[in-house]
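The chains referred to below are lettered A, B, ... by the order of the sequence lines, with proteins before strands, and numbering in each begins at 1. Values below: all heavy atoms of this structure, side chains included; hydrogens, waters and symmetry mates excluded.
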Amino acid sequence: VSIFFSTPPQVLIQGITGREARMVVRHTLAYGTNVAAGVTPGKGGDVIDAVPVFDTIEEAGSACGPFDATLVSVPPLATLDAVAEALACGIRFLVVATENVPRHDAVRLLALAREAGATLVGPNSVGVLVPGMRVKLGAIGGQQPERAFQPGQVGIVSRSGGLTAEIGFQLRRNGLGVSTAVSIGGDALVGTPPAKLVPKFAEDPETDAVVYVGEPGTRLEEALADALEEGQISKPVVALVLGRFVADFPRGMVFGHAAAIVEGQRGDPAAKLQRLREAGALVAESLDDALRLVQRAIGRETVL
Amino acid sequence: MARLLEQDVKALLQARDIPVPRGAAASSAQEAADIASGLGAPVVVKALVPANRRGLGGGVLIAAAPEQAAAAAAALLGSTFAGSDVEQVLVEERLELDRELFLSVVLDDDRGLPVVLASRHGGIDVEASFEDPQRAPAVLELDPWRNALPFQFRRLWRSAGLEGSELLRVTDLTRRAVDAFFELDATTLELNPLALVAGQPVAVGALLAVDDLALPRHRDLAALVVADELGRPPTALERKAAAVAAVDPYRGTARFIELDGDIGLLVGGGGGSLVFFDAVRRAGGRPACYTEIGGNPSADKVRELTRVVLSCPGVRGLLVGHNITNNTQVDLVAQGVVAALADLGIDPRAFPVVARELGTNDEEGRRLFEQAGVECRGEESTMEHAARRIVERVYGSAA
């Protein structure tokens, strides 16, 4: 059981023949995740690491379906079409890895996912990892997911995919593990904002605490604070918002992820942390501090 | 977000049946005078820079005659507004404005939808007046999959207070503006003032920002974009870094901002780079630049970027680091950094270089770094330890 899956999912990979996806397929199979089929229009009949490739999801479904989840790893301008195809074929769990999806397309694909009642992680997500189930959707954890993630009681929700792994790794060094790790994506518009995702961890019997890592820009952290205040979240939430010193950057500059734009007061990390603190989150001053707070929250001592 | 200059925006609007004042761009005082003669005085002379609120900053002048238009152009050309040099001015007919409205179509990240904002109170400094709840604009959320119907725009402008034939004409223009917004992959299309001239709406002021991620499907627009990502013109080193990043754009991302401190940062990924930046600043360090690398760059790309970082004026040390990597190959990062140090004849035993690299192929990476004399940290060290270490080495322990 995890926040997303009750049994290990059968996985489809859209864009499976791409350079990035091929590497991910190899690592994912080695980890033990069930990659049932792939789709790349025009490449039907190919086989990637023993995974059959089809031109359409309809054909893939007839031969190898049904699919519980799809990993979308297609070029930016093809992403809207790929998401629409997956939803039309009844897939209700999507991880969109593609970076640089045009903003109008992101608005449209997120609207489709909402209407279908689907869970869409991303765009621009490094992926979702469930160590206890050996489920790896995306590049998350790379070649050796075990190095950064062992099964355990901490949920990770992060704008940054890299830090998802770093936190898992530091937890492991301290003898702790992860229930589910979610890289929610670094774009301004994401399908699973923390205000929606963190409450799922609160309901999960295998999770004892959640770490959230935010970035400057957007109102995602403010919405998470609202959810905390409304009492939707009964477990300790450790929150870190990066970019305390972004005032050093020229105004309007894009740094880190696309969404991390600070315009005037809006999106200011210090204001976000203040809101989260008032709402009852355990606010971390730094990444190392976040690790210390998690351990304290679940009654462990730190050895950073 | 990529902005266009006003005369290009107005040409795009005019092609979509949205009336704009007659006018043309000039790059000299003489040209401005000629355009003014052609139009007939009086005229408005505007600094052509991709920024709004020019009216407040003295970037919009009125000229009663062609000679005055020449003087206005001479005053504006070569000056700087909102960080951009004025290379051209826009000379337009001066219209009698019966009323100034405000119309904006924007992609609203909080709603995850495009919205239309409409107000009867347009013109200079309208943003400040919106703070007053009495003057807050009327709002219409748009469905990204379905064209809005005319009644929705009528309702919008009725709640903003328009009536009669003005209501119908402005409603009709709003529909065309919304169509243009979608067609151009815009993030903002703002008509301010949207003026009523003898009962007809005219886009007297126009601002357009398009999504740079969508430019591959708008070749015609791409040529019109004036880059403004920084909010200031890029420095020579920033242009150089952008050129390096543009080679093989699908292999390795790179973003570089020049700052005025003394520690070069070559760090990643998107979030990890901010952890290093924050940690260096918290420890009292002053970054000479912020360079974010990720997405498994080639050794060559890392080498060229490292050379840019080490060219920052006043740089006295280098921090190379990532969070534990998902796919970036640490050995390639090490190869690139070590090659750049050799290129520039920098000995890391004398010039402090600290690396914190962990992840794919990190054993080989560490070997390469240590062989070259770079202080390399791995599993035993957090990202913040490494940031404190470079500060310590550059400034001495008293930092």
Exercise for the section: Could you tell me which portion of A/L110 (side chain, backbone, both or neither) has an atom closer than 4.5 angstrom to a non-hydrogen atom of chain B? Expected result: neither
Problem - Part of B/F276 lying under 4.5 Å from any heavy atom of chain A - result: neither
Fill in the blank from the handout: Highest number of heavy-atom pairs under 4.5 Å with chain B among A/A139, A/A223, A/G127 belongs to A/A139
Handout entry: Contacting region of A/V126 [heavy-atom separation from chain B under 4.5 Å]
Key = side chain
Practice task
I would like to know whether A/E221 and A/R275 meet salt bridge (Lys or Arg N to Asp or Glu O under 4.0 Å); could you show each step before the answer?
Solution key: CA-CA 8 Å; A/E221 290 74 22; A/R275 271 288 286 130; over 6 Å; no
Exercise for the section: For each of B/D185, B/N296, B/N327, B/L113, tally heavy-atom pairs with chain A at distances under 4.5 Å, and name the one with the top tally. Expected result: B/D185
Handout entry: Ion pair check, B/E292 and B/R255, cut-off under 4.0 Å
Key = yes
Practice task
Can you spot which of B/D212, B/D109, B/D211 makes a salt bridge (charged side-chain N to carboxylate O under 4.0 Å, His left out) with A/R103?
Solution key: B/D109
Practice task
Using the six-membered ring wherever Trp is involved, compare the ring planes of A/H104 and B/F182 and label them parallel, tilted or perpendicular (cut-offs 30° and 60°).
Solution key: perpendicular
Problem - Which atoms of A/Q144 approach chain B - backbone, side chain, both or neither, heavy atom under 4.5 Å - result: neither
Fill in the blank from the handout: Interface check, chain A: of B/E380, B/E379, B/H322, most non-hydrogen pairs under 4.5 Å belong to B/E379
Exercise for the section: Heavy-atom pairs under 4.5 Å with chain B are the metric here; pick the option from A/I140, A/L112, A/V24 that has the most. Expected result: A/L112
Practice task
Look only at the side chain of A/D187 and the backbone of A/V190, and say whether a donor-acceptor pair between them is shorter than 3.5 Å.
Solution key: no
Exercise for the section: Check the pair B/R366 / B/E357 against salt bridge (Lys or Arg N to Asp or Glu O under 4.0 Å), numbers first and verdict last. Expected result: CA-CA 8 Å; B/R366 186 164 193 151; B/E357 290 289 352; over 6 Å; no
Practice task
Can you tell which part of A/V101 gets under 4.5 Å to a heavy atom of chain B, answering side chain, backbone, both or neither?
Solution key: backbone
Practice task
Please examine the side chains of A/P269 and A/R244, heavy atoms only from C-beta on, and report whether any two atoms are closer than 4.5 Å.
Solution key: yes
Exercise for the section: Would you mind telling me which of B/L358, B/N326, B/L215 has the largest number of heavy-atom pairs within less than 4.5 Å of chain A? Expected result: B/N326
